[in-house]
There are 2 protein chains.
Amino acid sequence: MPETTGGRAVNDLESVLLAAADEFLERGYDAARIGHVATAAGLSKSSLYHHVEGKEQLLQLGLERALAGLDECFAAARDEAEPGAAVRRLIELVVEDMTDRARLPFVALLIGVRGNSDIERSALERRRRFDLEFAQMLERAQSVGAVRSDMTPLVLARLCFGTINALHAWVRPDRHGVDQIRADAVRFVLAGLGHDSRPEPTG
Amino acid sequence: MPETTGGRAVNDLESVLLAAADEFLERGYDAARIGHVATAAGLSKSSLYHHVEGKEQLLQLGLERALAGLDECFAAARDEAEPGAAVRRLIELVVEDMTDRARLPFVALLIGVRGNSDIERSALERRRRFDLEFAQMLERAQSVGAVRSDMTPLVLARLCFGTINALHAWVRPDRHGVDQIRADAVRFVLAGLGHDSRPEPTG
DNA sequence: GTCTATAAATGGATAGAC
DNA sequence: GTCTATCCATTTATAGAC
C-alpha cells in the first residue's frame, strides 16, 4: 500500500477520487463503473487498484468529504450571535457548497445516499444530526421572531435543505450565471414564491 | 404473453409493478434486485418473468405512470383562469402527488432518473417540458404581480419543483401528520422561511 | 506502478419439468 | 403459471509479467 511513500501516492488517490466523484455525479453510485473511473483518471482498471482499495472506499472517502464540508458550514454559522443571522449564514454557505465545482460532486453523492450499506447508513445518520442541529438553530430564530413559527423547526429544516439539495440536479457550476442562481436560491429559501420586498430574517 | 388473456394477467402485472416501485423507492433503481421484487410480489424470480419482460420494462412502466400523474396535475392547473391561482393549484397538486402513498414511489422513481439509458433520457425530456410549462405559468403570474419578479421564471420553476421533489426522501405517507406536512410544504414554497402573514399569490 | 489476462461474484434472464 | 436449476453477460477485483 503506497499511502506513505512520499506524498505522490496521496495525490494519486486524490485524482482517482475526483474522477470517481464525477462519475458518481453523472451516473449515480450504483450505475457508476470502476472502469470508467480508471479511464477518466488516465489509468487501466487494474492500475487503479494500486491506489484505491475498491469502489466502496471511493464512496466512503467521497461521503466523508461531503460531511466535512457541511461541518465547516455549521461551524461558521455557529459563530453568528443572532439566531436569524446564523440561519441566514448557514443557508448561504450550504448553497455555496452545493454549487461549487469542486464540492458539488461530493455533496451530490451524499444527497443520493439511501442506506444500502453500512457506509451509507452511517452517512445518513450524520446527515440526520445536521438536520437536528439546523432545526435547533431555526427554533432559536423562531423564538426571536426571525423566521416563521407556523410549522415545527424540523419540518422547516427539511424543507430548507430539500430546496438546497435539489440544486445539484440542474445547477452546472462551470456555466456562467451561477452566482446569480446562488443568490436566487438563497432568496427563494428565505421568501419563497411570494412577492418580494419583505425584510429578510434578522437576529 | 398473457396481456390479453382475460384481465387476470393485467392485475398480475400491476402487482409486480407495485412491488417493483416499492423496491425502487427503497434502494434506487440500479441497486434494486429483481429477485427482491419477485419475493415481495409472492413469486419466484422466474415466475416473475411470465408477467414482465424484464427490469427495464418495470422502469418504463413506472416512469410512464409518474409522468401521467404530472400530466393530470398540469391539466387541472390549466383550468384555472387567474395565473396566480393556476400556480398555486399546480403546487398543491404536485405536493399531493409527491406525498400520496400510491403515487410517491413512481414520482420518486422519476425524480431519481439520471439519463443512463434511452428510457431514462426520454423521461428526462418529458420532465424538462413540465419545467418549461410551469415556467410559462409563472411568467404569466409575474406579469400580474402574483409572484416575485426578481428572478427568471425558469429558475423559479426549478426551485419550486426542487423543494417539492425533495419531499419524497423523508415524507412517509402512511405516518400520521402527512396532511400537515403537505400544507406546510405548500406554504413554504409560497413564502419560504420568512415571517408569515403575507398574502398568498392571487389573480 | 502499469499493464494484460483472468478469476470470482453478482444478478438478469432462460430452459424445461410439473 | 409456478418452480428448480442453470445460463451467461457484466463487472468488481486479483495474479503475475514487465
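Note that this is a predicted model, so its numbers are computed, not measured. Naming convention: chains lettered A, B, ... in sequence-line order (proteins, then strands); numbering from 1 in each chain.
As a whole-Å value, the separation of K55(B) NZ from dG11(C) C1' is 9 Å. Computed from coordinates, the H50(A) NE2 to dT4(C) C1' distance equals 12 Å when rounded to whole Å. Distance D30(A) CG to dT11(D) P: 13 Å, rounded to the nearest Å. The separation between E53(A) atom CD and dA13(D) atom P is 10 Å, rounded to whole Å. Between I34(A) atom CD1 and dA9(C) atom P there is a gap of 18 Å when expressed in whole angstrom units. What separates OH of Y49(B) from P of dG16(C) is a distance of 18 Å, to the nearest Å. With rounding to whole Å, L48(A) atom CG is found 11 Å from dA13(D) atom C1'. Note: CG (L58(A)) to P (dT12(D)) measures 11 Å, nearest angstrom.
No salt bridge links D131(B) with R128(B); every basic N to acidic carboxylate O contact stays at or beyond 4.0 Å. Electrostatic pairing of D71(A) and R126(A) counts as a salt bridge here, judged by a charged N lying under 4.0 Å from a carboxylate O. With salt bridges taken as basic N to acidic carboxylate O contacts below 4.0 Å, one links R121(B) and D118(B).
Contact of S44(A) with dC3(C) (side chain to base): no donor-acceptor pair of N or O atoms is detected under 3.5 Å. Donor-acceptor pairing under 3.5 Å, judged by distance alone, is absent between the side chain of S46(A) and the base of dT2(C). For dG12(C), the base has a donor-acceptor partner in the side chain of K45(B) [N/O atoms by modelled type, under 3.5 angstrom].
By the 6.0 Å contact criterion, CD on E72(A) is open, its count of non-hydrogen atoms from other residues, nucleotides or ligands being 12 or less.
Two end axes, each from the C1' atoms of five base pairs, can be drawn for the helix from dG1(C)-dC18(D) to dC18(C)-dG1(D); they diverge by 10°, to 10 degrees.
Between R33(A) and dT12(D) there is a side-chain N or O to OP1 or OP2 distance below 4.0 Å.
With a 6.0 Å cutoff to the six-membered ring centre and a 45° limit on the axis angle, K55(B) does not count as a cation-pi contact of F24(B).
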For side-chain contact (heavy atoms from CB on, under 4.5 Å), just list the numbers for F134(B) and I91(B), CA-CA rounded to whole Å, side-chain angles, deciding distance to a tenth of an Å, and then say yes or no. CA-CA 10 Å; F134(B) 185 37; I91(B) 291 167; 4.3 Å; yes
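Residue A32(B) is in sugar-phosphate contact alone, with no base atom involved, counting any heavy-atom pair closer than 4.0 Å across all strands shown.
Between the CZ atom in R158(B) and the OG1 atom in T163(B) there is a gap of 14.0 Å [rounded to 0.5 Å].
Residues M98(A) and L104(A) come closest through the heavy atom pair O-CD1, 3.0 Å.
Applying a 4.0 Å cut-off to non-hydrogen atoms, none of the residues of residues 36-43 of chain B approaches DNA chain C.
Between F74(B) and F161(B), the ring planes lie perpendicular to each other; the angle is over 60°, past the 30° to 60° tilted range.
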